[in-house]
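Each chain gets a letter, A, B and so on, in the order its sequence line appears, and its residues count up from 1. In this text, all values refer to a predicted model and were calculated from it rather than measured experimentally.
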Amino acid sequence: MERRAVERVRGTQDLWPADARQLEVVRRRLEEAFAGFGYRRMDVPVLEPAELHLRKSGLEIISKLYAFDDLGGRRLCLRPELTASVVRAFVAQPAPRLPVKVFSSGSVFRYERPSKGRYRQFTQSGVELFGASGALADAEIVALAMDALDRLGLVDYRVTIGHVGILGELLSKLGLTGRVRTQLLESLEETRRHGLDAIRGRLHELDPDLFDPLGDDPVERTLPAQSDGVGEEHVRASLTGLLSKMGAERLGRRSEGDIVERLLRKLRPQSHREAVERALEFMERLGGIRGEPREVLGAGRDLLQAFGLAAAPLESLDRTVHLLEAFGANFHRVQLDLGLSRGLQYYTGMVFEIDHAGLGAESQLCGGGRYDDLFRALGARAPIPALGFAFGVERVKLALEAEGRPSGEPRAADVFVIPGTPEYVPFAARVATTLRRAGKRVDLDVTGRPLKTSLNYADREGYSQVAVVGEAEARDELVRLRDMGDGREQALSLADLAREWPAEGARPPGGAQLPRAAEAGRGH
RNA sequence: GUGGCCGUAGCUCAAUGGUAGAGCACUGGAUUGUGGCUCCAGCGGUUGGCGGUUCGAGCCCGCUCGGUCACCCCA
């Protein structure tokens with residue numbers, strides 16, 4: 001016989017009743033808020049084709065995916081988040097009418113190094129809103145996330161809102177596409193933490209032509225500086241003109257056309273490089289703009305103007321912020337941060353995070369934003385505007401505890417029924433059942449240990465009432481409910497109790513302050 | 001993924017390199033079945049695991065597993 005205990009998988013948790021209950025209460029309150037905004041519950045599988053997440057997620061999440069082959073040879077994964085599954089479900093079977101407002105909760109899995117507030121299996125609870133573009137939808141989503149935390153009585157949280165569309169617009173204007181664009185979008189937040197050189201290094205790995213030292217060729221040095229928006233045809237034309245002026249016969253035997261093409265080839269990386277440099281400069285300045293909404297919007301407009309960009313994303317943010325006020329959000333908890341980028345690459349517009357000061361390193365409670373391109377990426381015929389967010393339920397629980405408002409040990413039941421002696425066990429079972437049918441939560445003592453020990457236990461566990469049933473009770477067909485506070489007893493005849501069943505609106509006298517639905521509907 | 005700290009009874013923690021302990025919890029008794037207080041006794045350990053150094057390791061060293069803190073990243 002193997003004596004060594006089987007250990008819990010790293011990064012997972014066993015939740016004993018007090019913690020399990022608290023997590024359940026948190027999740028339920030969040031979901032109540034979602035429902036209060038007209039969102040409906042939807043469930044999606046824990047198992048998904050690995051491809052679903054490989055196609056849409058950033059490298060960071062992909063590298064942490066729990067992926068494996070099932071016995072049928074399918075490449076599967078445990079979901080690392082919920083949004084992709086909900087979108088996949090919609091793409092496979094579109095809802096008859098937009099908009100779609102749904103919420104879902106459940107376990108998600110990421111192979112990360114565990115620490116406090118960071119687990120390999122954790123619970124997300126979030127919403128998705130499909131089919132609405134514009135600031136009102138953006139504001140509703142943020143207001144909903146804040147309302148959910150307010151319902152829980154959380155105080156010390158901070159909402160940070162940004163907009164990745166600003167940088168996206170610049171990159172488009174500079175003609176930056178593909179992996180370089182993706183890399184830059186993902187790096188926005190990194191610029192202020194690690195500086196531009198860190199980003200340059202990463203880009204160089206991606207494309208070695210970027211940030212190579214310039215050659216010494218004097219001709220290359222005199223080439224016209226490439227700036228944004230200048231097409232290759234234009235460059236070819238001006239190069240040809242330049243060569244004519246220099247006198248082509250002095251450049252050897254090659255034809256003018258050959259030379260131009262060769263220079264263009266050398267030039268292409270450089271123009272690319274300069275576009276990237278311009279993007280980096282923009283990112284650095286953008287990243288510095290954060291704080292109180294009005295100031296950020298002002299500074300943002302100045303920057304966009306300096307780079308000749310349309311102010312549309314900022315105006316959208318402006319409207320979102322104003323609508324947030326109209327939603328009655330706690331405005332002093334909101335700040336704007338134009339350098340906020342979020343790691344998931346599929347975000348396209350407004351993005352936001354909610355952090356809590358009491359959590360240390362893993363302080364983010366919630367993250368979300370707009371992901372208008374995700375439907376196309378997952379195979380939808382038409383683009384559908386979409387946005388959403390997810391809470392980390394365990395982190396919200398930790399935040400509540402950090403603010404010193406734990407739910408307290410839940411009382412197991414209202415009444416503890418103790419058989420006085422073994423021979424009255426059947427009668428005790430009958431008493432317990434009668435009380436339950438009369439609407440009480442009843443815990444029957446099944447240990448058979450000495451009465452004194454059981455009473456001691458009942459007292460320490462905090463039962464408000466105890467019923468010891470023995471000879472006298474069995475003879476008279478009654479139960480004596482003893483109040484554990486003042487010791488007074490109340491005799492109830494079983495016949496009277498039975499008449500209450502099924503009693504209309506029977507309510508347990510105590511311990512009902514927590515959601516009743518948590519108990520109902522279990523184990524069926 | 002990087003660096004630091006920590007792992008001793010169910011829980012919280014002690015123990016100069018020299019016989020593994022306390023409080024709480026649990027079981028029994030004082031009290032011949034009616035709680036909380038008190039007192040007494042009992043149960044409970046491969047000191048996370050494997051290896052090394054040493055006459056001797058909970059303690060020192062290496063690896064490993066787990067936790068935690070700071071990075072990183074995210075929720």
Side-chain angles (χ1 to χ4, degrees), chain A residues 3-14 16 26-27 30 57-64 79-83 105-126 145 157 186-187 189-190 193-194 198 340-345 347 351-356 359-369 388-399 416 418-424 445 447-473 480 482-487 489:
Chain A
R3 295 303 293 256
R4 195 169 44 82
V6 177
E7 288 181 359
R8 182 165 41 82
V9 170
R10 180 164 158 90
T12 64
Q13 299 179 285
D14 297 317
W16 288 91
V26 170
R27 211 194 70 191
L30 295 175
S57 300
L59 271 178
E60 186 64 27
I61 282 202
I62 291 175
S63 68
K64 292 172 176 171
R79 60 185 179 196
E81 50 116 15
L82 301 170
T83 297
S105 302
S107 293
V108 299
F109 304 83
R110 295 179 196 175
Y111 191 83
E112 302 205 61
R113 180 159 171 178
S115 65
K116 188 177 183 183
R118 179 162 65 179
Y119 311 101
R120 288 182 173 176
Q121 174 180 348
F122 64 98
T123 312
Q124 280 195 339
S125 188
Y157 68 83
E186 283 188 0
S187 305
E189 232 177 312
E190 206 181 343
R193 276 199 297 265
H194 302 289
L340 185 67
S341 74
R342 308 196 35 74
L344 279 74
Q345 66 178 53
Y347 287 109
V351 291
F352 76 103
E353 296 179 350
I354 301 179
D355 292 83
H356 192 275
L359 286 198
E362 310 299 336
S363 65
Q364 191 180 324
L365 305 179
C366 178
F389 63 74
F391 277 101
V393 182
E394 286 83 356
R395 287 193 187 166
V396 176
K397 171 174 175 283
L398 286 171
F416 191 56
I418 308 172
T421 67
E423 56 187 304
Y424 292 101
D445 182 21
T447 63
R449 57 189 173 188
L451 184 52
K452 191 172 75 172
T453 305
S454 288
L455 280 166
N456 197 347
Y457 170 83
D459 180 56
R460 293 206 234 181
E461 287 292 307
Y463 292 94
S464 54
Q465 293 180 309
V466 165
V468 178
V469 297
E471 188 184 350
E473 289 80 8
R480 266 186 260 275
R482 179 189 307 188
D483 186 300
M484 290 302 274
D486 56 24
E489 294 195 345

What distance do Ser125(A) atom OG and Leu30(A) atom CG have between them, rounded to the nearest 0.5 Å?
-> 5.0 Å
Options rC69(B), rG67(B), rA75(B), nucleotide nearest the side-chain atoms of Pro114(A) = rG67(B)
Once you round to the nearest 0.5 Å, how far does NZ of Lys116(A) lie from CD of Glu362(A)?
-> 11.5 Å
When the distance from CG of Leu82(A) to P of rC74(B) is rounded to whole Å, what number comes out?
-> 17 Å
Interatomic distance, CD@Gln124(A) vs CZ@Arg79(A), rounded to 0.5 Å, equals 8.5 Å
Think Thr453(A) has a side-chain N or O under 4.0 angstrom from the OP1 or OP2 of rG28(B)?
-> yes
With a non-hydrogen cut-off below 4.0 angstrom, is Arg118(A) in contact with a base, only sugar-phosphate, or nothing?
-> base
Atom CD of Glu394(A) and atom P of rG67(B) are separated, to the nearest Å, by 14 Å
Provide the distance between the two P atoms, one in rA25(B) and one in rG1(B), to the nearest whole Å.
-> 43 Å
Side chain of Gln364(A), backbone of Cys366(A): donor and acceptor closer than 3.5 Å?
-> yes
If we only count heavy atoms from C-beta on, is the Phe391(A) to Arg27(A) side-chain gap below 4.5 Å?
-> no
In whole angstrom, give me the gap between the C1' atoms of rG23(B) and rU8(B).
-> 15 Å
Reckon Arg10(A) has a side-chain N or O less than 4.0 Å from the OP1 or OP2 of rG67(B)?
-> yes
Quick one: label Glu112(A) by what it contacts on the DNA or RNA (base, sugar-phosphate, nothing), any heavy atom closer than 4.0 Å.
-> base
Euclidean distance, atom CG of residue Asp445(A) to atom P of rG33(B) [Å, nearest integer] = 17 Å
Counting only Watson-Crick or G-U wobble pairs whose two distances fall under 3.5 Å, which nucleotide matches rA57(B)?
-> none
In whole Å, what is the span from the CG atom of Asp483(A) to the C1' atom of rG35(B)?
-> 13 Å
Are the ring of Phe391(A) and the base ring of rA75(B) both nearer than 5.5 Å at their centres and tilted by less than 30°?
-> no
Under 6.0 Å from the six-membered ring centre of Tyr111(A) and within 45° of its axis: does the NZ or CZ of Arg120(A) meet both?
-> yes
Are OP1 or OP2 of rC71(B) and a side-chain N or O of Arg113(A) less than 4.0 angstrom apart?
-> no
Answer yes or no: does a side-chain N or O of Arg120(A) lie under 4.0 Å from OP1 or OP2 of rG67(B)?
-> no
Identify whether any heavy atom of Gly360(A) sits under 4.0 Å from a base atom; if not, whether one sits that close to sugar-phosphate; answer base, sugar-phosphate or nothing.
-> sugar-phosphate
How is Gly448(A) classified with respect to the nucleic acid when contacts are heavy atoms under 4.0 Å: base, sugar-phosphate, or nothing?
-> nothing
Paired with rU19(B): which nucleotide, if any, by Watson-Crick or G-U wobble criteria at under 3.5 Å for both distances?
-> none
Interatomic distance at P, rU54(B) relative to rA14(B), whole Å = 31 Å
Of all the nucleotides listed (rU34(B), rC26(B), rC72(B)), which has the minimum atom distance to the side chain of Glu362(A)?
-> rC72(B)
Checking all strands, does Ala361(A) fall into the base, sugar-phosphate, or nothing category for heavy-atom contacts under 4.0 angstrom?
-> base
Base, sugar-phosphate alone, or nothing: which one does Phe416(A) contact when heavy atoms must sit under 4.0 Å apart?
-> nothing
Whole-Å C1' distance, rG52(B) and rA75(B) | 43 Å
Any Arg449(A) side-chain N or O less than 4.0 Å from OP1/OP2 of rU27(B) | yes
Lys116(A) has its side chain closest, among rG35(B), rU34(B), rC69(B), to rC69(B)
Cut-off 3.5 Å, side chains only: do Gln121(A) and Thr12(A) have a donor facing an acceptor?
-> no
Searching all strands shown, indicate the nucleotide that pairs with rA30(B) (Watson-Crick or G-U wobble; both distances under 3.5 Å).
-> rU38(B)
Out of rC69(B), rA30(B), rA75(B), which nucleotide sits closest to the side chain of Lys452(A)?
-> rA30(B)
Between rC13(B) and rG45(B), how far apart are the C1' atoms? Round to whole Å, please.
-> 15 Å
Answer yes or no: are there more than 12 heavy-atom neighbours, outside Glu489(A) itself, under 6.0 Å from its atom CD?
-> yes
Looking at every strand, decide which applies to Thr421(A) at a 4.0 Å heavy-atom threshold: base, sugar-phosphate, or nothing.
-> base
Could you measure between the two P atoms, the one in rG58(B) and the one in rU53(B), and give it in whole Å?
-> 16 Å
So what does Gly126(A) hit on the nucleic acid, given a heavy-atom distance under 4.0 Å: a base, only sugar-phosphate, or nothing?
-> nothing
Whole angstrom is fine here: how far is it from CG in Asp459(A) over to C1' in rU34(B)?
-> 12 Å
Looking across every strand, which nucleic acid part, if any, lies under 4.0 Å from Pro422(A) by heavy atom: base, sugar-phosphate, or nothing?
-> base
Say you pick atom C1' in rC59(B) and the same atom in rA15(B); how far apart are they, in whole Å?
-> 10 Å
If each of Ser115(A) and Gly420(A) is mapped to the nucleotide of RNA chain B with the nearest heavy atom, which maps nearer the 5' terminus, i.e. the 5' end?
-> Gly420(A)
4.5 Å side-chain heavy-atom contact, Arg10(A) and Arg113(A) = yes
If pairing requires Watson-Crick or G-U wobble contacts with both distances under 3.5 Å, which nucleotide is the partner of rG3(B)?
-> rC69(B)
Write down the distance between CZ (Arg8(A)) and C1' (rG48(B)), rounded to a whole number of angstrom.
-> 13 Å
rA14(B) pairs with which nucleotide, Watson-Crick or G-U wobble, both distances below 3.5 Å?
-> none
How many Å lie between OH on Tyr463(A) and C1' on rU34(B), as a whole number?
-> 17 Å
Within this structure, what is the CZ-to-C1' distance between Arg110(A) and rA75(B), rounded to whole angstrom?
-> 6 Å
Distance between C1' atoms of rA9(B) and rA22(B) (Å, rounded) = 11 Å
